[in-house]
Amino acid sequence: MEISIIVPVYNEQDNLPLLYDRLKAVVNKLGLTHEFVFINDGSKDQSLLVLHQLAAKDNCVKFIDFSRNFGHQIAVTAGLDKVDGDAVVIIDADLQDPPEAIIDLYNKMQDGFEVVYARRAKRAGESKLKLFTAKYFYRILSRITTIEIPVDTGDFRIIDRKVVNLLRRMPEQNKYLRGQIAWVGFNQTFITYERQERNAGNTGYTYRKMLKFALDGITSFSDLPLKIVTYFGFIVSGFAFVVMLYAMYSRFVLEDYEPGWTSLILTILFIGGIQMIAIGIIGEYLSRMNTNLRNRPLYIIRDSNIKKAESEQEN
Ligand code: UDP
Ligand code: MG
C-alpha cells in the first residue's frame, strides 16, 4: 500500500459521497495503490450506511465503527492504529480540507520530509469567535511549550510510516496529535492552503469539546501553568510578609489600629480566588493522570471490515 487516507466521521452523511469521489480522483491522478480508512465516531445520522455502500462497491474503502462517540482525536488515532500505507494522510470529512491539496502534500514529501502539514492561509465560513480563540490559543500554546507546534494548522497532513509507528507507541488518553507529531521530530515542513467552508451539515466541535481539546494540548505539552501557580504563591506570600511587618509596626509603634473591614475582606477574597485557581490547575493535571492510570482502551470498535481491527480487540 502506497498511501492510506484516514477520515474521522461524525454526522457527515451528505459529505461522504462527494468526499469519496474527490479522494478517488486524487489517488488515481497520483497513480498510487491506496486505502481509505473511515472511522465512524458514533454518528447519529446515516453515515454508517453510506460507508457500507461505499465499501460494497470499492474494496479500497475500509471502515471502523465505534461503539459510541469517542471524539475526533481518538477517531484519528484508531485510523493510525490500523493503516497499512507507506504514507498516511489525515483529512476531515466535511471537505473543509480540499482533497486536491493531497497532491501537493504528497509531492512535497518526496523532497525528503517525514511530515508535511497543511497550514491555513485563509479560513472560510468560521465564526469570529472561533477564528479569534483559535488564533490566540495556538500562539499562546507555542510560546509555553518547549517543542515547536506549528500555528494555524489542523490535523490535515501527510506523515511517513515511521512517524505512524512512533505514534502507536504513545498511549496517552488525552490525545493532542499535532503536538505528538511535532514532538517526534524528523524533517517537517508545510504547504499553505485555503480552508474551505464546510460542504454540508454542522460542526461536530462544540465549544465544550474545543475547550477540552485546548486543555489537553496545554497539559500534554507544558508544565508552565503549574509553575506559574508556584511563582504566584511566592509572590503573594512575599507581599503578605511585608504587609505583616507594616501591620506590626502600626500596631506597636504608631499605635494606630483602626479596624479595616474593606482591606480585610478584599484580601481574603483575593487570596481565596488565587487558591481556587491554583487547585483547579492542579486538578486539570491530576484528572489527566488519573485517566491514564485507569488504563482503559482508547476506543471500542463495534464493527469493521478490517480483519485485524476486530480480532485485536478480542485479545
Ligand atoms: N469529528 C469526529 N468526532 C467528533 C467531532 C468531529 O470524528 O466528535 C470529525 C468530523 O466528522 C470531521 C472532523 O472530525 O471530519 C472535524 O470536525 P468538524 O468539521 O466538526 O470540526 P471543525 O472543522 O468545525 O473544527
Ligand atoms: Mg470542519
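Just so it is clear, the values below take in all heavy atoms, side chains as well, and ignore hydrogens, waters and symmetry mates. As the structure lists them, so they are numbered: ligands from 1, and atoms in each ligand from 1.
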- Task: Report the C-alpha separation of R143 and Y138 in whole Å, then their side-chain angles, then the decisive distance to 0.1 Å, and conclude whether the side-chain hydrogen bond (donor to acceptor under 3.5 Å, both in side chains) test is met.
- Result: CA-CA 9 Å; R143 294 198 70 158; Y138 288 120; over 6 Å; no

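- Looking from atom 8 (O) of ligand 1 to the surrounding protein, the closest heavy atom is K209 NZ, 2.8 Å.
- The local environment of NZ in K130 is crowded, with over 12 non-hydrogen atoms from other residues, nucleotides or ligands closer than 6.0 Å.
- Ion pairing of K108 with D104 is absent here, as no side-chain N (NZ or NE/NH1/NH2) approaches a carboxylate O to less than 4.0 Å.
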- Could you give me the CA-CA distance, side-chain angles and deciding distance for D155 and R178, then say whether salt bridge (charged side-chain N to carboxylate O under 4.0 Å, His left out) is met? CA-CA 6 Å; D155 285 316; R178 52 198 82 162; 3.1 Å; yes

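- Among protein heavy atoms, the minimum distance from atom 6 (C) of ligand 1 is reached at Y10 CB, 3.9 Å.
- Q96 pairs with exactly one of R120, R195, R198, E197 by the side chain to side chain donor-acceptor pair (under 3.5 Å) rule, that one being R195.
- In this structure, atom 14 (O) of ligand 1 lies nearest to the protein heavy atom H72 CD2, 3.0 Å.
- Using a distance-only test at 3.5 Å, with no hydrogens or angles considered, no donor-acceptor pair links the side chain of Q180 to the main chain of Y176.
- Between the side chains of N15 and N199, at least one donor-acceptor pair of N or O atoms lies under 3.5 Å.
- Of all the atoms in ligand 1, the ones that sit under 4.0 Å from a non-hydrogen atom of T203 are 18 (P), 20 (O), 21 (O), 22 (P), 24 (O).
- Which parts of ligand 1 touch Q96 is read off a 4.0 Å heavy-atom cut-off, strictly below it: atoms 19 (O), 22 (P), 23 (O).
- Residue N69 touches ligand 1 through its side chain alone, judged by heavy-atom distances below 4.0 Å.
- Distances between N or O atoms of A93 and those of ligand 1 include at least one value under 3.5 Å.
- Between F38 and Y20, a ring centre-to-centre spacing not shorter than 6.0 Å is recorded.
- Ring geometry, F66 versus Y299: the interplanar angle falls under 30°, so the pair is classed parallel (tilted spans 30 to 60°).
- Of all atoms in ligand 1, listed by their number and element, those nearer than 4.0 Å to a heavy atom of D94 are 19 (O), 23 (O).
- A salt bridge does not link D86 to R161: none of the charged side-chain nitrogens sits closer than 4.0 Å to a carboxylate oxygen.
- Shown in contact with R198 at under 4.0 Å from a heavy atom are these atoms of ligand 1, numbered in order with element: 18 (P), 19 (O), 20 (O).
- With hydrogens left out, the protein atom closest to atom 21 (O) of ligand 1 is Y205 CD1, 3.3 Å, a heavy atom.
- Between D58 and K24 there is a salt bridge, since at least one side-chain N of the basic residue sits less than 4.0 Å from a carboxylate O of the acidic one.
- The proximity of D41 to ligand 1, defined as any non-hydrogen pair under 4.0 Å, is limited to the side chain.
- Counting heavy atoms closer than 4.0 Å to ligand 1, residue K130 contributes side-chain atoms (C-beta onward) but none from N, CA, C or O.
- Within 6.0 Å of atom CG in N202, 12 or fewer heavy atoms from other residues, nucleotides or ligands are found, so the atom counts as exposed in its surroundings.
- Taking 4.0 Å as the cut-off, R195 counts as a neighbour of ligand 1 on heavy-atom distance.
- For ligand 1 and G71, the ligand atoms under 4.0 Å from any heavy atom of the residue are 3 (N), 8 (O).
- Among the atoms of D92, no N, O or S atom is found under 2.8 Å from the Mg ion (ligand 2).
- The proximity of E12 to ligand 1, defined as any non-hydrogen pair under 4.0 Å, is limited to the side chain.
- Some N or O of P8 is nearer than 3.5 Å to an N or O of ligand 1, by distance alone.
- The closest approach of D94 to the Mg ion (ligand 2), by N/O/S atoms, is made by OD2.
- The nearest N, O or S atom of Q96 is closer to the Mg ion (ligand 2) than 2.8 Å.
- Ranking the protein heavy atoms by distance from atom 20 (O) of ligand 1 puts G204 N, 2.5 Å first.
- Each of D21, N40, V9 was checked for a side chain to side chain contact (heavy atoms under 4.5 Å, CB included) with L16, and the lone residue meeting it is V9.
- Of the protein's non-hydrogen atoms, the one nearest atom 13 (C) of ligand 1 is D92 OD1, 3.5 Å.
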